[in-house]
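Here the structure comes first, spelled out in structure tokens, and everything after it is commentary.
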Amino acid sequence: QKEVEQDPGPLSVPEGAIVSLNCTYSNSAFQYFMWYRQYSRKGPELLMYTYSSGNKEDGRFTAQVDKSSKYISLFIRDSQPSDSATYLCAMSEALRGAQKLVFGQGTRLTINP
Amino acid sequence: KAGVTQTPRYLIKTRGQQVTLSCSPISGHRSVSWYQQTPGQGLQFLFEYFSETQRNKGNFPGRFSGRQFSNSRSEMNVSTLELGDSALYLCASSKNTDTQYFGPGTRLTVL
């Protein structure tokens, strides 16, 4: 079993829809949770990061972490065609000191105009 | 502020050869991490360097190695290339107290 599980999709939704992306994990030592967006033939771009449990909002994006359930989510409101990309969740045990991100498989998202 | 740069962007090699990839981190970032991305395995951690010292290593064979220079630039080397080493190799930098920022990657094809 992988440390981080993420549904690879693909996920296709109409423009303007609310998108929900999710990851589950097994390592209870994970404390830092990140979402990256990766366009085709590009490197991952950091979207959101949160520490421990709770919600964080940035514009149309909301990240949620539920450590008791070992479950994290990313919500995209008013989705746009430019949001079409692969979304990767990533986690680490410690942000200070030696860093090792563990990634989900990535969900390929398409927003249809 | 310039982002993480990686060279070369594309590389074609044959089995048995070796390859060296280069990464220049964001100015002021002292930590450099390397990842391998493949369709089957996704993004996997290779190793991380800070102040010229390897602090963390993933589960890759000894054919994969790296180093970091005093200016924080980093190189990774893969010796005796295998077909399965074909992948996108990503470098990420951070200040050590912040999250990681990725470069565009080097796409390696092994024939």
Side-chain angles (χ1 to χ4, degrees), chain A residues 1-10 21 23-25 27 29-52 56 58 61 63 65 72 74 85-108, chain B residues 2-7 9-10 21 23-26 29-51 53-60 66 68 74 87-109:
Chain A
Q1 184 188 3
K2 291 191 174 186
E3 275 189 291
V4 180
E5 298 279 358
Q6 182 177 7
D7 187 339
L21 304 168
C23 290
T24 58
Y25 62 94
N27 185 352
F30 286 144
Q31 297 184 60
Y32 297 90
F33 305 89
M34 285 139 275
W35 286 95
Y36 286 85
R37 176 175 62 194
Q38 186 173 25
Y39 291 113
S40 181
R41 301 195 175 278
K42 302 278 189 180
E45 170 196 9
L46 179 66
L47 277 177
M48 306 276 288
Y49 87 94
T50 51
Y51 168 70
S52 195
K56 187 171 185 178
D58 184 3
F61 298 89
V65 175
I72 72 169
L74 177 71
T86 296
Y87 288 78
L88 298 144
C89 63
M91 310 176 187
S92 70
E93 294 184 18
L95 203 59
R96 295 177 181 269
Q99 297 188 26
K100 172 189 171 183
L101 293 181
V102 181
F103 283 85
Q105 194 69 7
T107 299
R108 182 173 292 182
Chain B
V4 177
T5 58
Q6 292 187 244
T7 57
R9 292 293 311 278
Y10 302 92
L21 312 180
C23 171
S24 292
I26 294 171
H29 286 194
R30 296 168 65 190
S31 169
V32 174
S33 299
W34 288 89
Y35 294 83
Q36 181 196 64
Q37 186 174 31
T38 60
Q41 298 298 317
L43 264 153
Q44 293 184 286
F45 175 78
L46 280 158
F47 31 64
E48 186 241 357
Y49 287 87
F50 180 81
S51 291
T53 301
Q54 187 182 90
R55 290 198 300 191
N56 210 346
K57 189 177 188 304
N59 298 322
F60 278 82
Q68 187 180 34
S74 177
L88 181 68
Y89 289 89
L90 292 158
C91 165
S93 76
S94 72
K95 287 182 182 177
N96 189 41
T97 59
D98 204 346
T99 50
Q100 296 181 27
Y101 297 88
F102 284 83
T106 294
R107 186 163 297 280
L108 172 65
T109 301

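The basis for the numbers below is simple: all heavy atoms, side chains too, and nothing from hydrogens, waters or symmetry mates. Chain letters run A, B, ... following the sequence lines, proteins first, then strands; residues in each count from 1.
The CZ atom of B:Phe102 sits 8.5 Å away from the CG atom of A:Leu88 when rounded to the nearest 0.5 Å. Note that CD of B:Gln100 and OH of A:Tyr32 are 13.0 Å apart. Values are rounded to the nearest 0.5 Å. Rounded to the nearest 0.5 angstrom, B:Asn56 CG and A:Leu101 CG are separated by 10.5 Å.
In this structure, the side chain of A:Gln105 engages the main chain of B:Gly40 through a donor-acceptor pair within 3.5 Å.
At least one side-chain heavy atom of B:Leu90 sits less than 4.5 Å from a side-chain heavy atom of A:Pro44. Under the 4.5 Å side-chain criterion, counting only non-hydrogen atoms from C-beta, A:Leu46 is in contact with B:Tyr101.
Contacts of B:Leu43 with chain A are made by both backbone and side-chain atoms, with heavy-atom separations under 4.5 Å. With a 4.5 Å cut-off on non-hydrogen atoms, B:Tyr35 touches chain A through its side chain but not through its backbone.
For the options B:Gln44, B:Arg107, B:Gln37, heavy-atom pairs under 4.5 Å to chain A are most numerous at B:Gln37. By number of non-hydrogen pairs under 4.5 angstrom with chain B, the leading residue of A:Gln6, A:Lys2, A:Gln38, A:Lys42 is A:Gln38.
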